[in-house]
Amino acid sequence: MNITLALGGGGVKGNAHIGVIRRLEIEGFKINSVAGTSFGGIVAVFHGLGYTPDEIEQMFIKVDQSQLFGRGANEGPSLLGLAGATRWLESVIGARTFADLNIPCAITAADLKSGSEITLSTGPLLDAILATIALPGIFPARHIGEMELIDGGTLNPVPVAPARLLSPKLPVIAVVLNLPMGFPAESWNIPLPDYIPHTVIERLSRLRYTRALDVFLRSIDLMTRAVNDYRLEADNPDVIIRPVVEDIDILDRVDVREVVRRGEDAVDFMLPELKKLFAWQSRLRRAVGV
């Protein structure tokens, strides 16, 4: 049962992708190619490098989530930096490129200079990941050549079309981490350093500019969901898997194991629909006595 995966963005909610991959493989599905955006891009690369879901889960569990978002000396303008995340990725991925992947893989980003969706499938993996996770204004944009790249979810929260191009004859399974339209807008919890006293954080939360930022971020949430719904309708994946992760903020510190389990549960829920995709193959095997 060969498939291609489209792994959507959603910050740390993306740990659910690990559980999705694990459960799919247990059920006999073979992932021939994978496209990802934002956190989905990270998981896509690790899977493409040949790491098992168990290995990816253990690597993510060991990461000190409190150290990921410090600012580096040469980073561009942004609320938070990616110095810690960059160091960790360098230690794991190093100088490897897309040519080192075991299966076809594509990572999406958005180019501020051309106003276009960009699909990255060649060159250094580190550059592609730092581009696809560059949340606009939150993390610094990644410059690759003449491009100024930000989070791929800006234009395409779930990269179904790039996944289909990787394996045109295979069903596309989309893993969606955003809520659909029709639910209250959600803000983002911007992580602050641990040394800032809780009383100071409370005072900051009451400032007019902080409340204005909250309105802006909730508006971004609605726009992202709208783009997500429109793209899914247009690109029409064969099956949508939607882990229950709406209670998790994109920059939360999470229990990785628990979020991974939610991905497994989501596959179990959609298993009848997934198996329908290959029902004709089972009937054919029975007919020919194989």
Practice item. Step by step, work out the side chain to side chain contact (heavy atoms under 4.5 Å, CB included) result for Asn236 and Val160. Key: CA-CA 8 Å; Asn236 193 27; Val160 173; over 6 Å; no
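- Ile129 places none of its side-chain heavy atoms less than 4.5 Å from the side chain of Ile107.
- For the atom pair Ile42 CD1 and Leu89 CG, the distance stands at 6.0 Å (nearest 0.5 Å).
- Between Val12 and Phe60 the shortest side-chain heavy-atom distance does not fall below 4.5 Å.
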Practice item. Please step through salt bridge (charged side-chain N to carboxylate O under 4.0 Å, His left out) for the pair Asp229 and Arg225, ending with a clear verdict. Key: CA-CA 6 Å; Asp229 284 3; Arg225 285 196 232 165; over 6 Å; no
Exercise for review: Evaluate side chain to side chain contact (heavy atoms under 4.5 Å, CB included) for Met1 paired with Glu27, printing each intermediate quantity in order.
Suggested key: CA-CA 9 Å; Met1 295 186 291; Glu27 290 295 330; 5.6 Å; no
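- No donor-acceptor distance shorter than 3.5 angstrom exists from the side chain of Asp238 to the backbone of Ile173, with no hydrogens or angles considered.
- No donor-acceptor pair closer than 3.5 Å links the side chain of Thr37 to the backbone N or O of Pro157.
- A distance-only check finds no donor-acceptor pair linking the side chain of Arg22 to the backbone of Thr52 [under 3.5 Å].
- Taking a 6.0 Å sphere around NZ of Lys113, one finds it holds more than 12 heavy atoms contributed by other residues, nucleotides or ligands.
- Under a 4.0 Å N-O distance rule, the pair Asp265/Arg261 qualifies as a salt bridge.
- The distance from the OG atom of Ser114 to the CD atom of Glu148 is 10.5 Å, given to the nearest 0.5 Å.
- Rounded to the nearest 0.5 Å, atoms CG (Leu5) and CD1 (Ile31) are 4.5 Å apart.
- Val176 and Ile250 fall into different hydrophobic clusters, where Ile, Leu, Val, Met, Phe, Trp and Tyr side chains are chained together by heavy-atom contacts under 4.5 Å.
- Residues Asn15 and Val260 approach most closely at O-CG2, 3.4 Å, considering heavy atoms.
- Among all heavy-atom pairs drawn from Lys13 and Val245, the shortest one is CE-O, 3.5 Å.
- Between Glu273 and Lys276 there is a salt bridge, with a side-chain nitrogen of the basic residue lying less than 4.0 Å from a carboxylate oxygen of the acidic one.
- A heavy-atom distance below 4.5 Å is not found between the side chains of Leu170 and Ile3.
- Atom-to-atom distance recorded for Leu135:CG and Leu80:CG is 9.0 Å, nearest 0.5 angstrom.
- Minimum interatomic distance between Arg262 and Ile248 (heavy atoms only, all atoms of both residues): NH1-CD1, 3.9 Å.
- The aromatic rings of Tyr51 and Phe46 lie tilted to each other, with the angle between the two planes from 30° to 60°.
- Side chain of Thr97 to main chain of Pro124: no donor-acceptor pair is present (N/O by atom type, distance under 3.5 Å, no hydrogens or angles).
- Contact check for Thr4 versus Asn32: no side-chain heavy atoms found under the 4.5 Å cut-off.
- With hydrogens and angles disregarded, a donor-acceptor distance shorter than 3.5 Å links the side chain of His17 to the backbone of Gly8.
- The minimum heavy-atom distance between Phe139 and Leu251, with the atom names listed, is CZ-CD2, 3.9 Å.
- From Ile18, atom CD1 reaches atom CE of Met59 across 8.5 Å, with rounding to the nearest 0.5 Å.
- Between atom OG1 of residue Thr86 and atom CG of residue Leu68 there is a gap of 9.5 Å, rounded to the nearest 0.5 Å.
- Residues Val256 and Gln65 have side chains in contact (heavy-atom distance under 4.5 Å, counting atoms from C-beta outward).
- Of all non-hydrogen atoms in Pro243 and Ala266, the two that sit nearest each other are CA-CB, 3.6 Å.
- The hydrophobic cluster containing Leu155 does not contain Leu165, counting ILVMFWY residues as joined when their side-chain heavy atoms lie under 4.5 angstrom apart, directly or transitively.
- Placement of Leu271 and Phe269 within a single hydrophobic cluster is found when ILVMFWY residues are connected by side-chain heavy-atom separations under 4.5 Å, directly or transitively.
- Each of Ile240, Val20, Val267 was compared with Val175 under the side-chain contact (heavy atoms from CB on, under 4.5 Å) criterion, and only Val20 meets it.
- Side chains of Ser33 and Ser167: a donor on one and an acceptor on the other come within 3.5 Å.
- Side-chain atoms of Asp252 do not come within 3.5 Å of backbone N or O of Val254 as any donor-acceptor pair.
- When every heavy atom of Pro162 is checked against every heavy atom of Thr108, the shortest pair comes out as CG-CG2, 3.8 Å.
- Phe39 and Val92 fall within a single hydrophobic cluster, where Ile, Leu, Val, Met, Phe, Trp and Tyr are joined by side-chain heavy atoms under 4.5 Å apart, directly or via other members.
- Neither side chain, Asp111 nor Ser116, offers a donor N or O lying under 3.5 Å from an acceptor on the other.
- For the pair Ile21/Val43, a side-chain contact is recorded, criterion being any heavy-atom separation below 4.5 Å from C-beta on.
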Check your understanding: side chain to side chain contact (heavy atoms under 4.5 Å, CB included) between Val158 and Asn178: does it pass, once the steps are laid out?
Key -> CA-CA 9 Å; Val158 187; Asn178 295 326; 5.8 Å; no
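- Note on Asp268 versus Arg23: salt bridge recorded, some NZ/NE/NH1/NH2 to OD/OE distance being below 4.0 Å.
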Exercise for review: Just do the side chain to side chain contact (heavy atoms under 4.5 Å, CB included) check on Ile103 and His47 with the steps written out, would you?
Suggested key: CA-CA 9 Å; Ile103 59 174; His47 179 71; 3.8 Å; yes
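- In the hydrophobic cluster analysis, where Ile, Leu, Val, Met, Phe, Trp and Tyr join through side-chain heavy atoms closer than 4.5 angstrom, Phe98 is grouped together with Leu149.
- Counting heavy atoms from C-beta on, the side chains of Leu179 and Asp221 never come closer than 4.5 Å.
- Counting heavy atoms of neighbouring residues, nucleotides and ligands inside a 6.0 Å radius, atom CZ of Arg257 does not exceed 12 of them.
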